[in-house]
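Just so we're on the same page: letters track the sequence lines, and every chain starts at 1.
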Amino acid sequence: MIRAAVLILLALPASFAQQGATAEDWPHYGGQVSAWRYSSLDQINGANVRRLTAAWAFQTGETEGGLQATPIVVDGVMYLSTSRNRVFAIDAASGRQLWTYQFPLPKGFTIFYGPWNRGVAVSGGRVFLGTLDNHLVALDAKTGKEIWRVNIEDAGQCGCNITAAPLVVKGKVIAGVTGGDSAHRGYINAFDARTGKHLWRFWTIPGPGENGHETWAGDSWKYGGGAAWMTGSFDEELNLTYWSVGNPAADFWGGNRKGDNLYTDSVVALDIDTGKLKWFHQQIPHDVWDWDTAYENVLIDREVDGRMRKLLVNVNKGGYTFIVDRATGEFIAAWPLVKNLNWIAGVGQKGELLGRNEPVAGKSKIICPSIGGGRSWNQAAWSPRTSMFYSTGIEWCQDVTAAPELPKPGQVYFGGTFKLTLKPLQGEPGGHLGAYDPVTGKRAWLYESKYPLLASVLATKGDLVFTGDPEGNFFALDARSGKKLWSFNTGSGHRGGPITYAVNGKQFVATPSGWGSALAGLLTQIWPEAEEFRSGSAVFVFALPEPVP
Amino acid sequence: MTRWFSLLAVWIPLAAQSPTSSSVARGDRLFAQGCAVGYCHGAAGAAARSPRLRGRAFERSYLAKVIRDGIPNTAMPAWRDRLTDADINALVDYIATLANAPVEATASPAESLPANDSPQTMPAEHARGRELFFDLTRESRCSVCHRLDGIGVPVGPDITNVRALLEPDAHKVLRFGRPRGLRTLTLKEGGQVQGVVTERTSAHIRIYDLSTLPPVLRTIPVSSVSAQTRQSAWRHSTPARAYSQDELQAVWDFVRWFAAKPKQ
């Protein structure tokens, strides 16, 4: 039996197919370091998901800003981070708290970019947390006691901090920072997981004498943003770590940063040992819409035009999905996720933007999607079983007025204002979750939602797709048809990442529940009733009733 | 009844002030530049990450205080160092006009804004010294171990108010200065940690490891330490070499100017 399983594994076209899937554990933010958010567990499947029931719930008490994390599960322990630098270790089978830790904020500290945290990283018996004041902290996974901390840069100086889960691979903890809307120069840092020693720094904006520095006029490079504010991916075979660099600052006004503004709005591939740039792919030269290329890099192997390719799929905030070769950075394809999109007319054969529609200083202009994005940072899922890429999308527009502005170091640097409009260009405003071919964008199905879907997506070998909505519904769709098979209201909206794992042979599905975030506030400009959506901060965990059939 | 009374209490101070239209216009401009921006209060107070201000009445004194002092532990910053009293009054005047505005009304398009009208307190001759003090491109920048004006890592002394810097031979600190708590810990498993001890309990020692920068604050169980000595190879002259003589002079002039400056 075991031998048969091994033979089946060997028969798969790429062994990578197995590396990208999770099994008992959910070890990394995106499942595995390839960010598939796909699990090979199938005890819970299309045939029995209707019987899924609550196993336990865990209330964190930290409700400000909601609960935005994706929990990590290693060896039957769930590690969960919340707003205000708090971490919990929880018995993943019973929901019993094992320990809690809270990193203290300096007295009188002003929190910019919100109080939330989106996850921890766990490796080698340690838990790694990025903090609201730009520290990286290592905790003992057994006790929650602090082992080391390092202040990457004073938060008051840079106007930046860490809200994303760090990436931990090869004994290194790697973290980017927020700060794309501040007068700040972004960076990605690697530290020794054991000692906290600084190993390398990659500046997301090249300094004098470096390639790409010439893409910034004057001294705009010093204040150009370029925040890598979400978690990177890793390809062990290529020894490359992939990070997405956000928008240039000021967001809406580019008058004093003429040029392409490298490496903002780019995916960068870095040698994991040295932090040296191997290649980059800039999606949007000279961005003036606040379209971060900040989201997840999903690493999949697939045939394109009869040839097996190592691909990287990245959804841009502007609503386009970009596909490149992850060994070389070569552009392969791009396709739109949303109908309401007018900032470009399209993307050319080589990845060039066609028909740019830019905001104008001092004049209001309708730009779609809204600054909240054609999709937000909540991540998509890839199922190697259905060969579909499951991503949310948002239909909404805004009035943008650009405004000239000079940088004040470490302070907000936005270059204009925006206001969401009630009427988009097509149809009604709202959200959806679709199943797409990741290379062509051909859509298999679309699940529509009244409000934008702001939780990450989970796909499983049980041919199920899970996510949640702002009204508190956590639901399962048939991965092949998009038909809703199961739903449970957790009492507060969804903004985190659902996961699945197994303890002693029993599969669990877990979802954070807790409405909040910057977009939760923006939503009220279109849907005033969203102001009444209650906050919360809990993990709900589901399993099949005993005995497992 | 209570509600009616509190509305009245808000109304009277609002009515009593009768802001001028030029003040409201100035507040509108400042609001668009500093408050509506990004994901904060939204255009014309329409709400985003931060609370909605349209359609809500606030007491003037409360608004002024929050703008001036911020709300600690939230995203609301203190603006007292960036705005004049007249600016704050103008903002209060403008926000008061939003009290009766419909919640969903769209904002009038903002006019073209001036680049930067916040007060500049930094004399030009010290701007370079300040920039060098906090220069992130240098691994051994001063702020990696010192706080000044609320910014920096507190490994060594906070030098915001160090009057000793004004002494005639104070510059010697750049070569010979050594922080309090400098120790070398010898670990039982081998190796040493050299740095500044910040905390000591019966269970652990917390020490800023100065072997790499930025310094790592390590928590070391007492049980794993075989010896502690006051000796450490660390000298201030090493990080001070991160700057050229000319740069070091600019930093030194800035730091002395700051130490002598009357504080609020």
Side-chain angles (χ1 to χ4, degrees), chain A residues 84 105 107-115 145-154 156-158 181 185 187 191 195-198 203 207 251 361-364 371 399 401 403-412 414 416-422 517-522 524-525 528 531, chain B residues 32-34 36-40 42-44 46-52 70-78 82 103-104 106-116 118 131 134 136-137 139 143-144 147 149-153 203-204 206 209 211-221:
Chain A
R84 301 192 172 277
L105 273 181
K107 236 177 148 183
F109 180 74
T110 297
I111 299 167
F112 22 77
Y113 300 110
K145 296 269 187 299
E146 187 180 311
I147 297 169
W148 55 257
R149 69 168 77 164
V150 59
N151 191 187
I152 297 176
E153 184 188 2
D154 188 281
Q157 184 184 347
C158 67
D181 310 324
R185 180 183 176 209
Y187 46 63
F191 297 87
T195 61
K197 183 180 168 204
H198 188 242
W203 293 98
D251 299 44
K363 239 177 89 181
S364 168
I371 188 169
D399 283 309
T401 306
E405 191 174 331
L406 286 181
K408 288 161 255 171
Q411 292 183 31
V412 172
F414 221 81
T417 53
F418 64 91
K419 173 82 176 68
L420 272 56
T421 62
L422 298 171
S517 81
L519 255 60
L522 272 189
T524 64
Q525 294 189 9
E531 200 170 286
Chain B
Q33 198 172 42
V37 292
Y39 299 96
C40 294
R49 184 183 64 206
S50 305
R52 167 169 63 83
I71 304 176
N73 293 317
T74 71
M76 181 65 202
R82 293 176 248 168
V103 171
E104 291 170 50
T106 49
S108 55
E111 58 194 287
S112 182
L113 302 170
N116 182 359
S118 70
E131 196 176 316
F134 294 111
L136 187 62
T137 63
E139 200 174 51
S143 62
V144 89
R147 280 179 85 73
D149 205 13
I151 295 174
V153 183
H204 66 249
R206 306 197 79 189
D209 183 344
S211 62
T212 56
L213 295 173
V216 180
L217 181 60
R218 296 173 66 175
T219 306
I220 298 179

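Both the backbone and the side chain of A:Asn151 come within less than 4.5 Å of a heavy atom of chain B. Residue B:Leu213 touches chain A through its backbone alone, counting heavy-atom pairs closer than 4.5 Å. Only the backbone of B:Pro215 comes within contact range of chain A, judged by heavy atoms closer than 4.5 Å. In this structure, chain A has heavy atoms under 4.5 Å from both the backbone and the side chain of B:Thr219.
If you tally non-hydrogen atom pairs under 4.5 Å between each of A:Ile147, A:Ile152, A:Leu105 and chain B, the highest count goes to A:Ile147.
Of all non-hydrogen atoms in A:Gln525 and B:Gly42, the two that sit nearest each other are NE2-CA, 4.2 Å. Of all the heavy atoms in A:Val150 and B:Pro214, the pair that sits closest is CG2-CG, 3.8 Å.
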* **Step-by-step side chain to side chain contact (heavy atoms under 4.5 Å, CB included) determination, B:Arg206 to A:Glu146** => CA-CA 10 Å; B:Arg206 306 197 79 189; A:Glu146 187 180 311; 2.2 Å; yes
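With contacts defined as side-chain heavy-atom distances shorter than 4.5 Å, the pair A:Arg185/B:Thr137 qualifies.
Put simply, CZ on B:Arg218 and NZ on A:Lys197 are 11.0 Å apart, with the number rounded to the nearest 0.5 Å.
When each of B:Val153, B:Val144, B:Leu136, B:Ile151 is tested with A:Glu153 by the rule side-chain contact (heavy atoms from CB on, under 4.5 Å), just one qualifies, namely B:Leu136.
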